[in-house]
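Note sheet for the following structure.
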Amino acid sequence: MTAIVLLGPPGAGKGTVAEALAGKGYTHVSTGDLLREQIRLETPLGLEAKANMDQGKFVPDKVVVGMIRSLLESADRGQKFLFDGFPRTLVQAEKFDELLLSLEGAIDGVILLECPAEVIVERLSGRRTCGKCGTVYHVKYNPPAMHNICDTEGCELIQRPDDNEETIKKRLEVYAERTAPLISYYKAKNLIHPINASRSIAEVRSAVLEQLG
Ligand code: ADP
Ligand code: AMP
């Protein structure tokens with residue numbers, strides 16, 4: 001089993017790139033999506049996660065690592081994963097390494113999506129999502145064919161509760177404090193591939209594809 005990690009601040013375009021790579025043989029794993037599914041199902045895990053997510057804080061490491069452990073333990077040996085939003089802390093990165101080692105897997109590369117704060121704020125404020133299929137749109141940069149209606153499901157799009165100005169600011173602070181240290185962690189392992197993510201969706205997609213070889 002191999003893993004590619006998409007690293008970068010909230011709003012850099014990790015989910016969008018992962019969606020654009022559908023059909024390339026990767027299993028897309030977004031811990032944010034997995035957690036939102038637990039919230040939708042109103043499970044105890046979902047209720048615990050929601051309180052943190054709504055405030056722009058991280059869900060505890062043990063919860064997230066537990067989710068990834070069960071997912072990987074039931075995966076096929078040859079499966080190729082594209083991780084989006086995981087790992088997000090040094091503890092998660094270390095546990096992830098241990099887990100992959102125990103399953104004879106490895107990280108193939110870490111793609112760092114670099115994007116300045118002002119671009120991020122504009123992207124997150126304009127993000128709209130389909131509550132049914134999870135497709136991510138942007139009011140200006142990736143609009144649906146019909147205003148605020150999902151192209152696939154035909155239902156109204158929603159704005160995530162954590163995509164408001166105050167929570168975006170908090171999430172950027174948490175990223176700088178807890179996730180940015182992963183850049184040095186993976187640099188030391190020679191795994192980091194930086195990409196300028198402030199370009200168009202198509203340009204970022206081809207740059208990522210080039211890295212994936
Ligand atoms: P992340 O998964 O990193 O939080 P998303 O993929 O959800 O980010 O993207 C955040 C918002 O920015 C979405 O509304 C998406 O449509 C938009 N977006 C993503 N990549 C780009 C890009 N390269 N150019 C313009 N808008 C983008
Ligand atoms: P995302 O969909 O990646 O923007 O994640 C939304 C929210 O889910 C984050 O702000 C966190 O509260 C939570 N979350 C997602 N992934 C993780 C993770 N790996 N560790 C901790 N919290 C996470």
Side-chain angles (χ1 to χ4, degrees), residues 5-22 28-39 45-46 48-69 71 82-96 111-130 134-144 148 150-151 157-164 166-175 177-179 182 195-208:
V5 174
L6 294 174
L7 187 63
K14 302 180 294 294
T16 301
V17 155
E19 262 179 38
L21 294 176
H28 174 201
V29 178
S30 153
T31 38
D33 285 349
L34 292 174
L35 291 165
R36 280 184 289 276
E37 178 64 5
Q38 294 294 314
I39 294 176
L45 191 156
E48 186 190 352
K50 185 171 166 50
N52 288 301
M53 289 164 77
D54 283 351
Q55 292 177 59
K57 294 180 185 162
F58 283 171
V59 172
D61 287 334
K62 66 169 187 1
V63 173
V64 180
V65 172
M67 278 186 340
I68 297 296
R69 176 172 290 121
L71 189 135
L82 191 56
F83 283 92
D84 147 16
F86 178 88
R88 249 176 160 107
T89 65
L90 280 173
V91 169
Q92 291 178 19
E94 286 162 5
K95 296 281 178 205
F96 191 35
I111 296 180
L112 174 62
L113 299 181
E114 294 182 306
C115 206
E118 62 274 16
V119 173
I120 285 169
V121 173
E122 202 202 353
R123 286 188 185 174
L124 290 181
S125 329
R127 174 160 64 185
R128 299 291 183 275
T129 314
C130 173
T135 303
V136 175
Y137 299 88
H138 190 280
V139 289
K140 185 166 160 193
Y141 301 116
N142 189 19
N148 216 37
C150 177
D151 292 343
L157 300 178
I158 51 167
Q159 186 165 18
R160 273 172 48 174
D162 55 346
D163 279 347
N164 63 76
E166 194 189 334
T167 314
I168 293 172
K169 194 166 157 255
K170 173 73 183 167
R171 284 153 69 203
L172 288 176
E173 282 167 15
V174 174
Y175 174 81
E177 190 186 322
R178 302 194 60 195
T179 310
L182 295 188
I195 280 187
N196 169 5
S198 45
R199 294 172 290 173
S200 72
I201 294 176
E203 284 170 314
V204 174
R205 178 183 185 271
S206 8
V208 171

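Note that ligands are numbered from 1 as they come in the structure, with each ligand's atoms numbered from 1 the same way. Since we're looking at a predicted model, the values are computed, not measured.
- Among Arg123, Glu19, Lys14, the residue whose heavy atom sits closest to atom 18 (N) of ligand 1 is Arg123.
- Using a 4.0 Å cut-off to heavy atoms of Ser200, the atoms of ligand 1 that qualify are 23 (N).
- Remark: the backbone N or O of Gly85 is paired with a side-chain donor or acceptor of Thr31 at under 3.5 angstrom.
- Among protein heavy atoms, the minimum distance from atom 22 (N) of ligand 2 is reached at Val59 N, 3.1 Å.
- Leu90 is listed as a side-chain neighbour of Leu182, based on a closest heavy-atom distance under 4.5 Å.
- Within ligand 2, the atoms closer than 4.0 Å to a non-hydrogen atom of Val64 are 18 (C), 19 (N), 20 (N), 21 (C), numbered from 1 in the order shown.
- Residue Tyr137 approaches ligand 1 through these ligand atoms, each under 4.0 Å from one of its heavy atoms: 13 (C), 14 (O), 16 (O).
- Scanning the protein for heavy atoms near atom 8 (O) of ligand 1, the closest one is Gly13 N, 3.2 Å.
- When only non-hydrogen protein atoms are considered, atom 6 (O) of ligand 1 lies nearest to Thr16 OG1, 2.6 Å.
- Each of the following atoms of ligand 2 lies closer than 4.0 Å to a heavy atom of Lys57: 11 (C), 12 (O).
- Distances shorter than 4.0 angstrom do not occur between any heavy atom of Gly8 and any atom of ligand 1.
- The shortest N or O to N or O distance between Gln92 and ligand 2 is under 3.5 Å.
- In terms of protein heavy-atom proximity, atom 7 (O) of ligand 1 is closest to Arg127 NH1, 2.6 Å.
- Every ring-ring contact (aromatic ring centres under 6.0 Å, His included) that Phe96 has, sequence neighbours left out, goes to Phe83, Phe86.
- Ion pairing between a basic and an acidic side chain is recognised when a charged N comes within 4.0 Å of a carboxylate O; Asp163 and Arg171 show such pairing.
- In this structure, NE2 on His138 lies 8.5 Å from CD1 on Ile201, to the nearest 0.5 angstrom.
- Of all the heavy atoms of Arg160, the ones lying under 4.0 Å from any atom of ligand 2 belong exclusively to the side chain.
- For atom 16 (N) of ligand 2, the nearest non-hydrogen atom of the protein is Thr31 OG1, 2.8 Å.
- For a threshold of 3.5 Å applied to N or O pairs, the pair formed by Leu35 and ligand 2 contains no separation below that value.
- The shortest N/O to N/O separation between Gly11 and ligand 1 falls below 3.5 Å.
- Each of Asp84, Leu7, Ile195 was checked for a side chain to side chain contact (heavy atoms under 4.5 Å, CB included) with Leu113, and the lone residue meeting it is Ile195.
- Every atom of ligand 2 with a heavy atom of Gly32 under 4.0 Å away is listed here by number and element: 2 (O), 5 (O), 15 (C), 16 (N).
- Inclusion of Arg199 in the set of residues having an N or O under 3.5 Å from an N or O of ligand 1 is warranted.
- Rounded to the nearest 0.5 angstrom, Arg205 CZ and Thr16 OG1 are separated by 12.5 Å.
- Where the criterion is an N or O separation shorter than 3.5 Å, residue side chain and backbone included, Val204 fails it with respect to ligand 1.
- The protein atom (non-hydrogen) at minimum distance from atom 15 (C) of ligand 2 is Arg88 NH1, 3.3 Å.
- Distance from atom 21 (C) of ligand 1 to its nearest protein heavy atom, with residue and atom name: Ile201 CG1, 3.4 Å.
- When each of Leu157, Asp151, Val136 is paired with Cys130, the side chain to side chain contact (heavy atoms under 4.5 Å, CB included) condition holds for Leu157 and for no other.
- For ligand 2, the atoms sitting less than 4.0 Å from at least one non-hydrogen atom of Arg36 are 2 (O), 6 (C), numbered in the order shown with element in parentheses.
- Near Phe86, meaning under 4.0 Å from one of its heavy atoms, ligand 2 places the atoms 19 (N).
- Here is the list of ligand 1 atoms found below 4.0 Å of a heavy atom in Tyr141: 25 (C), 26 (N).
- Proximity of Gln55 to Lys170: side-chain heavy atoms (C-beta onward) are nowhere separated by under 4.5 Å.
- Contact analysis leaves Lys140 out of contact with ligand 1, as no non-hydrogen atom separation drops below 4.0 angstrom.
- Nearest to atom 8 (O) of ligand 2 among the protein's heavy atoms is Met53 CE, 3.3 Å.
- Using a 4.5 Å heavy-atom threshold, the side chains of Glu48 and Val59 count as separate.
- Listed by chain and number, the residues in a side chain to side chain donor-acceptor pair (under 3.5 Å) with Glu94 amount to none (sequence neighbours excluded).
- Not a single heavy atom of Lys14 sits closer than 4.0 Å to an atom of ligand 2.
- By the criterion of a heavy-atom distance under 4.0 Å, neither the backbone nor the side chain of Asp33 is placed next to ligand 2.
- Among protein heavy atoms, atom 2 (O) of ligand 1 sits closest to Gly15 N, 2.9 Å.
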